[in-house]
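Okay, so here's the structure we're looking at.
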Amino acid sequence: MSIELRHLRYFLAVADTLHFGRAAERLGMSQPPLSQQIRQLETLLGARLFVRANRRVELTDAGRVLQEQAREVLARVDTAVDLTQRAQRGETGELRIGLTRATPLSTQIPRAIFAYRQQFPHVQLKLREMNTLQQIDALMAGELDVGLIRKRALPAPLVSRKLFSDPLALVVHDQHPLVRGLPADAPLALRQFAHEPFVGFLREVGAGIHDHFIALCRSAGFTPRIVQEAGEASTLISLAASGLGVTVLPASCSHIQVDGARFVALSDRAASSEVHVACRRGAASPLIGHFTRLLQGVSG
């Protein structure tokens with residue numbers, strides 16, 4: 001037979017009260033079984049824990065040592081139980097999230113992350129900036145738990161859900177002939193810019209937007225002449241403002257204010273980029289479940 005946690009709890013009840021009757025009452029049991037458990041513990045330890053004399057109970061030196069150690073053991077056990085249960089509920093741990101460069105500019109994503117931090121302050125969020133293709137590779141390799149990606153075909157082990165649609169917009173110099181005098185909310189068709197030079201994302205940086213832009217141009221009946229590529233939305237907006245070329249970006253990038261640049265809505269039917277939350281199929285982590293539900297709640 002070995003020492004069990006109940007032995008330590010019984011022992012501490014007696015050690016703290018120095019009275020078998022009061023200890024038994026605290027434990028919700030009668031005194032004889034408690035005395036039997038203490039004798040059993042002394043036998044297992046091979047040490048006398050209490051001196052019983054003249055209706056008084058005192059701790060022996062060995063008893064005082066066990067009192068201190070038992071208190072620490074039970075405290076550690078209680079902590080372990082609490083942390084385990086909180087992890088099961090998705091209240092602690094680490095969540096690795098992938099983000100494309102433009103995704104955080106959509107208001108839904110910062111709101112969801114803020115709400116998650118408020119509800120689960122003990123979960124450590126690790127955010128990594130990666131394009132959609134890189135996120136897919138990282139999810140497959142187990143290096144990410146959740147990816148916020150642009151819609152595309154996924155490998156069989158992954159699954160995604162739509163969060164929201166992010167309209168695509170043209171960004172041009174504000175004195176461009178096609179926008180001069182154009183009402184602020186008036187859209188234009190991409191084919192009207194078929195002969196214009198374009199500036200765009202490097203594919204290794206913004207694969208989702210890059211591929212969508214190319215497909216959109218093909219649907220409009222032309223192949224874009226890309227004269228300059230860059231890795232930041234702010235750089236592309238500045239290039240458009242300088243008149244170097246036209247670019248297509250998510251409308252959420254209009255938060256980036258650059259003098260001389262104008263965002264113009266596109267009338268093309270497919271001019272909208274779906275943002276999805278992706279994870280491994282069958283992912284059962286409560287951390288992932290809480291985060292995706294919050295994302296969908298904020299985006300709904």
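Because the structure is a prediction, the values reported are computed rather than measured.
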[X] [atom1]: over 12 foreign heavy atoms closer than 6.0 Å:
X	atom1	value
R218	CZ	no
D259	CG	no
R56	CZ	no
Q36	CD	no
R52	CZ	yes
Q88	CD	no

Taking side chain as C-beta onward, heavy atoms only, is [X] less than 4.5 Å from [Y]?
X	Y	result
L34	V14	yes
L170	V179	no
Q192	L178	yes
L12	L74	yes
R262	V171	no
I214	P224	yes
T107	S252	no
E94	Q124	yes

List the atom of [X], the atom of [Y], and the distance in Å for their closest heavy-atom pair.
X	Y	result
V199	T247	O-OG1, 2.8 Å
L95	I288	CD1-CG1, 4.0 Å
Q296	L163	CG-CD2, 3.9 Å
V123	R117	O-NH1, 3.1 Å
L190	L266	N-CD2, 3.8 Å
H276	S160	ND1-OG, 3.0 Å

Practice prompt. Might you work through the salt bridge (charged side-chain N to carboxylate O under 4.0 Å, His left out) test for R96 and E143, ending with a clear yes or no?
Written response: CA-CA 8 Å; R96 302 164 300 172; E143 297 168 358; over 6 Å; no
Discussion item. Tell me whether the rings of F291 and Y116 are parallel (<30°), tilted (30 to 60°) or perpendicular (>60°).
Written reply: perpendicular
Between [X] and [Y] (side chain of the first, backbone of the second, donor and acceptor by atom type, cut-off under 3.5 Å), is there such a pair?
X	Y	answer
H176	H173	no
T132	R150	yes
R281	A156	yes
Q135	M130	yes
Q257	S254	yes
R203	H210	no
T60	R48	yes

Kindly work out whether a path of hydrophobic side-chain contacts (I/L/V/M/F/W/Y, heavy atoms less than 4.5 Å apart) joins [X] to [Y].
X	Y	result
I38	V65	no
V248	I237	yes
L216	V264	yes
V73	L59	yes
L133	L127	no

Practice prompt. Begin from the C-alpha positions of R9 and D78 and carry the test salt bridge (charged side-chain N to carboxylate O under 4.0 Å, His left out) through to its verdict.
Written response: CA-CA 12 Å; R9 297 191 191 280; D78 289 343; 3.6 Å; yes
Discussion item. Quick check: F20 with Y10 (ring centres under 6.0 Å apart)?
Written reply: no
Practice prompt. State plainly whether the residues R280 and D145 are in salt-bridge range, i.e. N to O under 4.0 Å.
Written response: no
Practice prompt. Tell me, with the steps shown, if R152 and D211 meet side-chain contact (heavy atoms from CB on, under 4.5 Å).
Written response: CA-CA 10 Å; R152 67 184 310 115; D211 292 353; 3.2 Å; yes
Worksheet entry | Trace of the ring pair (Phe, Tyr, Trp, His ring centres under 6.0 Å) decision for F120 with H290 | CA-CA 9 Å; F120 304 101; H290 291 323; 4.6 Å; yes
Practice prompt. Under the side-chain contact (heavy atoms from CB on, under 4.5 Å) rule, what do I209 and S273 come out as? Steps first, then yes or no, please.
Written response: CA-CA 8 Å; I209 294 298; S273 175; 4.1 Å; yes
Item to complete: Please step through side-chain contact (heavy atoms from CB on, under 4.5 Å) for the pair I149 and N131, ending with a clear verdict.
Response: CA-CA 8 Å; I149 64 174; N131 69 33; over 6 Å; no
Discussion item. Please report the interatomic distance CG(D268) to OG(S219), rounded to the nearest 0.5 Å.
Written reply: 8.0 Å
Atom pairs and distances, donor-acceptor, side-chain atoms in residues 22-32, under 3.5 Å, two or more places apart:
none

Worksheet item: Which residue pairs satisfy the ring-ring contact (aromatic ring centres under 6.0 Å, His included) criterion with at least one member in residues 219-257, sequence neighbours excluded?
Response: none
Fill in: Passing candidate, ring-ring contact (aromatic ring centres under 6.0 Å, His included) with F213, options F193, F201, F198
F198
Discussion item. Applying side-chain contact (heavy atoms from CB on, under 4.5 Å) to H19 and V57, what does each step give before you reach the verdict?
Written reply: CA-CA 6 Å; H19 193 285; V57 177; 6.0 Å; no
